[in-house]
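So that the names make sense, note that chain A is the first sequence line, chain B the second, and so on, each numbered from 1.
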Protein chains: 2
Amino acid sequence: MGLNPGSVYGAYGNKHDLFIAAMRRYLEDVTREGIDRIAAAPTGREGIRSYFDYLTEGIVSGRRQWGCLGTNAFMEMADRDDTVQTIMKEHFDKLEVAFREALERDRADLPCRLEPVDFARYLVCVAQGLNVLSKTAPDRQKLNGIVDAAMLPVTALEEDCVR
Amino acid sequence: MGLNPGSVYGAYGNKHDLFIAAMRRYLEDVTREGIDRIAAAPTGREGIRSYFDYLTEGIVSGRRQWGCLGTNAFMEMADRDDTVQTIMKEHFDKLEVAFREALERDRADLPCRLEPVDFARYLVCVAQGLNVLSKTAPDRQKLNGIVDAAMLPVTALEEDCVR
DNA sequence: AATTTTCATGAATCTTCATTCAAGAATGCG
DNA sequence: CGCATTCTTGAATGAAGATTCATGAAAATT
């Protein structure tokens, strides 16, 4: 960035604090938009789909060329760095809540045996799995196939999806 | 391990080669058992469930206390290290094939619109998502809830799961 | 404009860590 | 047992990288 060490240390103190600030900003900027889409769609199901489409689009376009900064940091540092652990847990929680609220909006369509909260956690899991797989440089077709499968439980009652 | 640098360098040459050897061994030892369970079960669906149960049991028991070495290495190094990228892609492929073969055994029960290959990739994605979430130290109940939801597409036609 | 405060510079320092190597111990083999 | 080979030791080397600091430039304030 053309900055000298002294300026950076003057502004942020040390490398770790700088990183935490970058991570917070990343989650604000990049992740907020995805999460906001969940509630913005006309139905919960469409909101969830929109989240995953936004995620896959980022992966395919190269916007997420190095994967998700949050997930990367979490995988590398979470067991030694409480701040990273906490930030990322909060992020997971936000995402889980957004998914759960979406599912509760469509509750009438959900398979009966599962609670929205389990479903929401499951969707968080799928999102993180996609962040892992993003590092294999998957194409749009593969990602859409995965998301289609992941969405099946949410669309299970639509006749054209279940024989 | 009580070894001195010289001995390690004598045996493995350098840190990277040592790590690659450790990673290969890990995937042989730890991952093989999980994958083998998929084909060993009486039905494909039970095989898949058995894989995920093995995974969650590892997470809960502390056997996978630091997450999956393969996934960790992949997340941290894949974009700069072709060997890690290749090893892990091969691992994903093996897992995908095992899942696909399991799904093809139960094909009659699958939702009609999706190909087993997409389904298999989806299951690989869920497994990786679980490896990410393992770093939040989730309890057995949460993990089982996630796996139950993830398995729904595979059990979609069983009356007690879909209203 | 003069002065004070804030910010930028980049070379120097200090740490960490991967790697090497000369010397010594252990092991195998005739 | 004696020689050769292999393995182990742990301090030294060297490189990469995190951090500091004295100096100078810019901005703000009077």
Side-chain angles (χ1 to χ4, degrees), chain A residues 1-31 58-59 62-92 128 131-132 134-137, chain B residues 1-31 62-92 128 131-132 134-137:
Chain A
M1 299 175 67
L3 290 175
N4 293 305
S7 305
V8 175
Y9 276 84
Y12 290 95
N14 58 50
K15 195 176 103 157
H16 183 258
D17 287 357
L18 166 61
F19 179 75
I20 294 298
M23 186 174 163
R24 285 213 157 93
R25 169 143 178 194
Y26 173 89
L27 289 176
E28 281 302 313
D29 287 2
V30 178
T31 305
I59 292 170
R63 184 158 38 82
R64 284 173 176 262
Q65 194 164 3
W66 290 283
C68 170
L69 179 68
T71 304
N72 293 353
F74 183 66
M75 291 301 283
E76 183 172 333
M77 306 166 69
D79 40 2
R80 279 163 299 154
D81 190 315
D82 283 346
T83 309
V84 169
Q85 168 85 229
T86 301
I87 291 175
M88 214 47 199
K89 266 191 176 163
E90 283 169 10
H91 169 65
F92 290 149
Q128 294 311 305
N131 281 327
V132 173
S134 73
K135 303 235 165 188
T136 65
Chain B
M1 299 174 67
L3 290 175
N4 293 304
S7 305
V8 176
Y9 278 82
Y12 291 96
N14 57 52
K15 196 175 104 154
H16 184 259
D17 288 357
L18 166 63
F19 179 75
I20 295 298
M23 185 173 165
R24 286 213 156 92
R25 169 141 177 196
Y26 173 89
L27 289 176
E28 282 300 315
D29 286 2
V30 178
T31 305
R63 183 159 37 82
R64 284 173 175 262
Q65 195 165 2
W66 291 283
C68 171
L69 178 68
T71 303
N72 293 352
F74 183 67
M75 292 300 283
E76 184 173 333
M77 305 166 70
D79 40 3
R80 280 162 300 154
D81 190 317
D82 285 346
T83 310
V84 168
Q85 168 87 229
T86 302
I87 291 175
M88 216 45 200
K89 266 191 175 163
E90 283 169 9
H91 170 66
F92 290 149
Q128 294 311 304
N131 281 327
V132 173
S134 74
K135 302 234 165 189
T136 65

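- In this structure, A:N4 does not reach the C:dA8 phosphate: none of its side-chain N or O atoms is under 4.0 Å from OP1 or OP2.
- Annotation for A:A73 and A:F19: closest pair CB-CZ, 3.6 Å, computed over non-hydrogen atoms.
- Contacts of B:G10 with the nucleic acid, taken as non-hydrogen atoms under 4.0 Å apart, are absent.
- One atom, CG of B:L3, and another, C1' of C:dA18, lie 16 Å apart when rounded to the nearest Å.
- Between B:L18 atom CG and C:dT19 atom C1' the separation is 13 Å, expressed in whole Å.
- Between A:K15 atom NZ and D:dT20 atom C1' the separation is 16 Å, expressed in whole Å.
- Pairing each heavy atom of A:C68 with each of A:Y26, the nearest pair is CA-OH, 3.4 Å.
- A pairwise comparison of heavy atoms in A:T71 and A:M88 identifies N-CE, 3.5 Å as the closest pair.
- For the pair A:Y9 and D:dT20, the criterion of a side-chain N or O lying under 4.0 Å from OP1 or OP2 is not met.
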